[in-house]
Amino acid sequence: MLLMTGVSKTYRNGSVALRNIDLHIKPGEFVFVVGPSGAGKSTFIKMLFKEVAPTTGKIYVDGVDVLALTEKEVPFLRRQLGIIFQDYRLLPDRTVYDNVAFAMQVIEAPPLKTRRRVMTVLELVGLKNRANAYPGELSGGEQQRIAIARAIVNDPILVIADEPTGNLDPETSMEIMRIFTGINESGTTIVMATHDREIVNFMGKRVIAIENGLIVRDDAKGVYGYES
Ligand code: ADP
């Protein structure tokens with residue numbers, strides 16, 4: 001699903017974010033990327049959807065050579081990915097329904113299919129009865145659930161989440177993780193950068209620890225593993 005070989009990143013100002021990363025993630029895996037602030041997690045995540053290009057190395061997502069994609073082709077890669085951020089990134093002036101439906105309208109899905117699918121994913125994240133509300137009327141956890149619904153509505157090959165529980169309390173974070181678990185159990189690969197020690201330890205999934213741009217640990221059923 002994801003293959004990185006010899007990936008490094010040095011930003012223009014000389015900051016070295018990643019050093020010679022080799023990594024393979026198989027279809028259906030649930031992978032946490034952990035590490036202290038400044039370790040390189042966001043850089044790693046952004047490379048998966050070509051928001052950041054590596055200085056050296058190769059990246060393949062589902063067999064596609066990401067670096068070979070032209071600017072015009074990048075949106076097609078992104079449409080196959082479900083991307084979730086710490087700050088939700090919803091459209092405040094659109095309803096819950098429209099925030100999710102928008103992702104299907106972009107790919108010109110037929111209206112009837114859109115309606116059915118949007119209601120299905122809203123039900124999956126427990127927001128079916130809030131379809132006509134606006135994001136600002138909902139709690140942080142509910143807003144993140146909208147973002148998750150939007151990320152999965154087009155059946156992505158890979159879900160990428162950057163600190164998705166970063167703004168949420170522990171109980172709400174656990175609810176969010178239950179939703180991610182369900183998505184993963186239905187076969188979708190998930191890569192999640194997080195600072196959340198409790199969640200990582202509770203989930204018992206693969207943990208890739210990055211420190212100072214290097215993978216310092218890669219455990220199949222890992223724990224968070226250091227003081228942050
Ligand atoms: P993390 O997500 O683990 O906090 P980042 O990937 O954001 O780590 O950052 C890794 C390193 O790269 C840090 O030293 C950071 O200062 C630097 N960095 C990140 N983004 C940029 C950027 N756009 N320009 C310059 N340096 C950056």
Side-chain angles (χ1 to χ4, degrees), residues 1-25 29-61 66-67 69 71 74-75 77-78 81-90 140 143-144 147-148 151 156 158-170 172-173 176-177 180 184 189-203 205-220 222-228:
M1 177 55 64
L2 172 66
L3 183 64
M4 281 191 178
T5 54
V7 168
S8 63
K9 175 67 184 178
T10 304
Y11 285 102
R12 263 190 225 155
N13 65 358
S15 295
V16 180
L18 292 175
R19 305 164 199 265
N20 202 26
I21 300 287
D22 291 316
L23 183 65
H24 184 210
I25 292 175
E29 278 197 87
F30 195 137
V31 181
F32 287 111
V33 179
V34 305
S37 191
K41 302 182 298 296
S42 287
T43 300
F44 172 84
I45 290 282
K46 286 175 185 162
M47 281 181 178
L48 305 183
F49 49 95
K50 213 180 175 183
E51 185 156 319
V52 168
T55 313
T56 68
K58 286 275 192 188
I59 301 175
Y60 296 89
V61 173
V66 171
L67 302 180
L69 296 176
E71 224 169 283
V74 171
L77 167 74
R78 291 185 184 160
L81 307 174
I83 308 172
I84 296 153
F85 302 94
Q86 179 171 353
D87 56 1
Y88 326 131
R89 303 201 188 174
L90 302 168
Q143 292 188 49
Q144 192 58 296
I148 294 171
L158 173 65
V159 166
I160 300 162
D162 195 359
E163 303 273 3
T165 61
N167 290 340
L168 306 174
D169 61 69
T172 309
S173 298
I176 294 292
M177 292 315 297
F180 277 116
N184 178 244
T189 314
I190 300 181
V191 178
M192 183 179 298
T194 186
H195 262 112
D196 200 322
R197 166 188 300 270
E198 227 179 285
I199 278 178
V200 172
N201 292 346
F202 174 78
M203 297 284 287
K205 301 289 189 187
R206 181 174 173 190
V207 177
I208 294 171
I210 303 183
E211 272 177 50
N212 199 17
L214 289 167
I215 294 181
V216 293
R217 190 160 51 87
D218 185 349
D219 293 335
V223 292
Y224 198 90
Y226 62 86
E227 297 304 318
S228 57

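Note that this is a predicted model, so its numbers are computed, not measured. Below, each value reflects all heavy atoms present in this structure, side chains not excepted, and no hydrogens, waters or symmetry copies. All ligand and atom numbering here is 1-based and tracks the order in the structure.
- Residue S37 approaches ligand 1 through these ligand atoms, each under 4.0 Å from one of its heavy atoms: 4 (O).
- By the 4.0 Å heavy-atom criterion, P36 is counted among the residues contacting ligand 1.
- For ligand 1, the atoms sitting less than 4.0 Å from at least one non-hydrogen atom of A39 are 1 (P), 3 (O), 8 (O), numbered in the order shown with element in parentheses.
- Of all protein heavy atoms, the one lying nearest to atom 19 (C) of ligand 1 is Y11 CE1, 3.3 Å.
- At a 4.0 Å cut-off, not a single heavy atom of G35 sits close enough to ligand 1 to count as contact.
- Both the backbone and the side chain of T43 come within 4.0 Å of ligand 1, counting heavy atoms alone.
- Put simply, the side chain of K41 gets close to the backbone of P36: a donor and an acceptor are under 3.5 Å apart.
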Would Q144 and T172 satisfy side chain to side chain contact (heavy atoms under 4.5 Å, CB included), going step by step from the backbone distance to the final call?
CA-CA 10 Å; Q144 192 58 296; T172 309; over 6 Å; no
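- Note: I208 CD1 to R217 CZ = 10.5 Å, rounded to the nearest 0.5 Å.
- Closest to atom 2 (O) of ligand 1, if we only count protein heavy atoms, is S42 N, 2.7 Å.
- Close contacts between ligand 1 and N13 involve ligand atoms 25 (C), 26 (N) [criterion: under 4.0 Å to a heavy atom].
- Nearest to atom 11 (C) of ligand 1 by heavy atom, out of S15, G40, G38, is G38.
- Close approach of ligand 1 to K41 is summarised as follows: ligand atoms under 4.0 Å from at least one heavy atom of the residue are 1 (P), 2 (O), 3 (O), 4 (O), 6 (O), 8 (O).
- Within a 4.0 Å radius of atom 22 (C) of ligand 1, the protein contributes one or more non-hydrogen atoms.
- In this model, a donor atom of one side chain and an acceptor atom of the other lie less than 3.5 Å apart for T56 and S8.
- Between the side chains of Y11 and T43, at least one donor-acceptor pair of N or O atoms lies under 3.5 Å.
- Formation of a donor-acceptor pair under 3.5 Å by the R89 side chain with backbone atoms of A147 is not found in this model.
- For S173, the side chain to side chain contact (heavy atoms under 4.5 Å, CB included) partners are T165, L168, D196, I199, not counting sequence neighbours.
- Residues satisfying the side chain to side chain contact (heavy atoms under 4.5 Å, CB included) criterion with R19, sequence neighbours excluded, are V16, N212, L214.
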